[in-house]
Amino acid sequence: MTKRALLTGITGQDGAYLAELLLSKGYEVFGVIRRSSHRGVEDHRLRWLGVADKVKLLDGDLADLSSLLRIVQDVRPDEIYNLAAQSYVASSWRQPILTANITAVGVANMLEATRIGAPGARFYQASSSEMFGLIQEPVQSEKTPFYPRSPYAVAKLYGHWITVNYRESFGLHASSGILFNHESPLRGIEFVTRKVTDGVARIKLGKAKELRLGNIDAKRDWGHARDYVRAMWLMLQQEQPDDYVVATGRTTTVRDMCKIAFAHAGLDPDAHIVIDPQFYRPAEVDILLGDASKARKALGWEPQVPLEELIREMVDADIERVKREPAV
Ligand code: NDP
Ligand code: GDP
């Protein structure tokens, strides 16, 4: 029997890579897509990976329980991956209520749709290392207490605990993946790695002279999205649902990540980076460093792409993309 997977957030970075992975494993893949006046462009990531015409997209929104329930009842999925969110930390201070409605209450909507419409389905919640925020331990694992530092992280914390609660209350096969930052050529343009690799491409091709950044002393544990979606799938293949940290175990400053990107294009970062306080955040997460030993042991999961290779892949992809942009 062909397995059926339903993904919210299928048009995002992780949704695209997860759809690719599930298709390669023979799944029938369904995705929730929210209505937009830009129909035709919102599947650009799926097209980039060459899988857009292999997935079935259904109209729905995380804020609209009735749409989710109808979709779950129609699709009857074996596995549900809840990836949709207002996912950008900096925006969450400017749109805190929307962030709560989608990134927090949206999870409850998806869990309710699952409980009512497909109680036997396995459920994955996209939790985040941002929940550790002001870190309570130098290396963060499933046992580390949370201390969220942004409206986004507060909302993700609700999503995490409501998932645990539905598992414990209703016996849902619901797992929460506490994923550290993961990037790719399909990362949203406003996140720092992609902003840097796009900036490097523009400088290299003579379309820009400078790159304006905020706190480049911040440290993150960055991995490749393609590696991380594999961990999501592995979680749902386990007999028992559980929570797992997914991370590389290496942390790097934004400054050093920039050095890798600029060096790959033969450029000097000091000649182009301008520190602009408009990109400072009201409360910062200074450092994240994950301990994924539980995922390594229980899931047999290992990250395969080191940061240098990831950043070089992103710079190369952005150079190709910027080259294709029409001159203005
Ligand atoms: P993206 O921002 O690339 O994708 C977010 C997705 O959510 C998009 O498909 C977007 O649709 C969709 N979405 C947003 N609002 C709604 C809504 N109201 N109804 C339905 N869909 C909606 O995120 P990523 O792929 O990078 O991340 C996937 C998930 O993992 C997110 O929940 C994120 O918070 C979480 N996460 C990500 C990490 C990372 O480093 N990437 C780390 C830890 C957690 P549209 O295309 O229409 O905007
Ligand atoms: P986050 O970890 O989910 O917030 O991912 P981001 O990629 O948005 O940010 C990672 C870190 O880079 C944070 O500590 C930011 O403060 C820092 N940073 C420094 N300059 C910038 C910038 O110009 N844009 C973004 N997005 N982050 C920046």
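Note that ligands are numbered from 1 as they come in the structure, with each ligand's atoms numbered from 1 the same way.
Phe191 has its ring centre less than 6.0 Å from the ring centre of Tyr88. You'll find the ring centres of Phe132 and Tyr147 outside the 6.0 Å limit. Taking the six-membered ring for Trp and the full ring otherwise, Trp301 and Tyr228 have centroids separated by under 6.0 Å.
No side-chain N or O of Gln125 forms a donor-acceptor pair with one of Thr163 less than 3.5 Å apart.
When the options Ala84, Ala126, Ser184, Ser67 are ranked by their closest heavy atom to atom 7 (O) of ligand 1, first place goes to Ala84.
Shortest contact from atom 14 (C) of ligand 1 to any protein heavy atom: Ala85 O, 3.3 Å. Protein heavy atom closest to atom 20 (N) of ligand 2, with residue, atom name and distance, is Gly214 N, 2.8 Å.
In summary, Lys156 and Glu130 do not engage in a salt bridge, as defined by a charged side-chain N under 4.0 Å from a carboxylate O. For Glu28 and Lys56, the salt-bridge test passes: some basic side-chain N is under 4.0 Å from an acidic carboxylate O. A salt bridge links Asp243 and Arg167; the closest N-O separation between the charged side-chain nitrogens and carboxylate oxygens is under 4.0 Å. Salt-bridge annotation for Asp316 and Arg312: absent, with no side-chain N of the basic residue lying under 4.0 Å from a carboxylate O of the acidic one.
In the vicinity of Gly12, heavy-atom distances shorter than 4.0 Å reach the ligand 1 atoms 3 (O), 4 (O), 8 (C), 9 (O), 25 (O). Atoms of ligand 1 found under 4.0 Å from any heavy atom of Ile102, numbered from 1 in the order shown, are 15 (N), 18 (N). Ligand-side atoms of ligand 1 in range of Leu179: 42 (C), 43 (C), range being under 4.0 angstrom from any heavy atom. Ligand-side atoms of ligand 1 in range of Asn181: 40 (O), range being under 4.0 angstrom from any heavy atom. Within ligand 1, counting atoms from 1 as listed, the ones closer than 4.0 Å to a heavy atom of Leu62 are 17 (C), 18 (N), 19 (N), 20 (C). Which parts of ligand 1 touch Asp14 is read off a 4.0 Å heavy-atom cut-off, strictly below it: atoms 25 (O), 27 (O), 28 (C), 30 (O). Near Ser87, with a cut-off below 4.0 Å to any heavy atom, the atoms of ligand 1 are 1 (P), 2 (O), 23 (O), 33 (C), 34 (O). Those atoms of ligand 1 that come under 4.0 Å of a heavy atom in Lys156, given as number and element, are 31 (C), 32 (O), 33 (C), 34 (O), 35 (C).
The N/O atoms of Tyr152, backbone and side chain alike, include one that comes under 3.5 Å of an N/O atom in ligand 1.
Assignment of Tyr280 to the shell around ligand 2 is not supported, since no heavy atom sits closer than 4.0 Å. Heavy-atom separations between Ser127 and ligand 1 include at least one value shorter than 4.0 Å. Heavy atoms of Glu42 come nearer than 4.0 angstrom to ligand 1 in no pair at all. At least one heavy atom of Leu83 sits under 4.0 Å from some atom of ligand 1. Residue contacts with ligand 1: Thr8 is excluded, as none of its non-hydrogen atoms falls under 4.0 Å. Distances shorter than 4.0 angstrom do not occur between any heavy atom of Tyr228 and any atom of ligand 1.
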Exercise. Assess whether side-chain contact (heavy atoms from CB on, under 4.5 Å) is satisfied between Tyr81 and Leu7, documenting all intermediate values.
Key: CA-CA 5 Å; Tyr81 296 86; Leu7 281 59; 4.0 Å; yes

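Only side-chain heavy atoms of Glu130 come within less than 4.0 Å of ligand 2; its backbone N, CA, C and O stay farther off. Heavy atoms from both the backbone and the side chain of Phe191 come within less than 4.0 Å of ligand 2. Of all the heavy atoms of Val192, the ones lying under 4.0 Å from any atom of ligand 2 are found in both the backbone and the side chain. Contact annotation: for Asn181 versus ligand 2, heavy atoms closer than 4.0 Å belong to the side chain alone. The proximity of Tyr152 to ligand 2, defined as any non-hydrogen pair under 4.0 Å, does not occur for either the backbone or the side chain.
In this structure, Ile275 is a member of the same hydrophobic cluster as Val196, with clusters built from ILVMFWY side-chain heavy atoms closer than 4.5 Å.
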